[in-house]
Amino acid sequence: MGSIIVNAILKPKEGFEEQLLSELKEVQAASKQEKGCINYKLHKSIEDNTFVLYEEWENNEAIENHIKSNHYQIYRENISDIVLTREIHKLEMI
């Protein structure tokens with residue numbers, strides 16, 4: 001298996017768009033520095049307030065280390081009350 005792509009799709013609760021964006025930018029900056037991170041890009045829908053993270057990791061171990069990292073744990077705690085929906089998709093190239 002090659003690298004693993006993670007797509008995270010998040011919709012904030014009404015009125016929390018800017019706070020979620022701030023949290024996403026913060027976790028993005030820290031995650032880009034992690035060992036095994038190839039790519040970590042943040043997108044915003046042009047149709048609504050949906051945010052999409054496109055992450056590329058060397059392997060599953062890198063993803064697991066990312067999830068266990070201090071900055072990721074803080075991010076998850078900080079967004080727990082401001083996110084309406086959160087979908088995570090782990091993908092491989094076919």
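If you read the sequence from its start, that first residue is 1, and numbering goes on from there.
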Could you measure the distance from the [atom1] atom of [X] to the [atom2] atom of [Y]? Nearest 0.5 Å is fine.
X	Y	atom1	atom2	result
Asn70	Tyr72	CG	OH	13.5 Å
Ile4	Leu91	CD1	CG	10.0 Å
Lys41	Asn7	NZ	CG	12.5 Å
Leu84	Leu10	CG	CG	10.5 Å

Expected output: side-chain Ser22 to main-chain Glu18 donor-acceptor under 3.5 Å | no

Test item: Lys35 side-chain N/O and Ala62 main-chain N/O as donor-acceptor pair under 3.5 Å | no

So does Glu64 pair up with Lys90, basic N to acidic O under 4.0 Å?
-> yes

Set of side-chain hydrogen bond (donor to acceptor under 3.5 Å, both in side chains) partners for Ser45, sequence neighbours left out | Asp48

I'd like to check the side-chain contact (heavy atoms from CB on, under 4.5 Å) partners of [X]; sequence neighbours left out, ordered by chain and number.
X	answer
Glu87	Ile9, His89
Ile88	Val6, Ala8, Arg86
Ile82	Phe16, Gln19, Leu20, Ile79
Lys68	none

Quick check: are there more than 12 heavy atoms from other residues, nucleotides or ligands sitting under 6.0 Å from NZ of Lys44?
-> yes

Residues His71 and Glu34: side-chain donor-acceptor under 3.5 angstrom | yes

Verify whether one side chain among Glu56 and Ser3 offers a donor that lies under 3.5 Å from an acceptor in the other.
-> yes

Between Tyr40 and Gln28, the two heavy atoms sitting closest are O-NE2, 3.0 Å

Considering all heavy atoms of both residues, which atom of Ser31 and which atom of His66 are nearest to each other, and what is their separation?
-> OG-CE1, 3.0 Å

Residue among Glu26, Glu23, Gln73 satisfying side chain to side chain donor-acceptor pair (under 3.5 Å) with Asn78 = Glu23

Under the 4.5 Å side-chain heavy-atom rule for ILVMFWY, direct or indirect, which residues accompany Ile74?
-> none

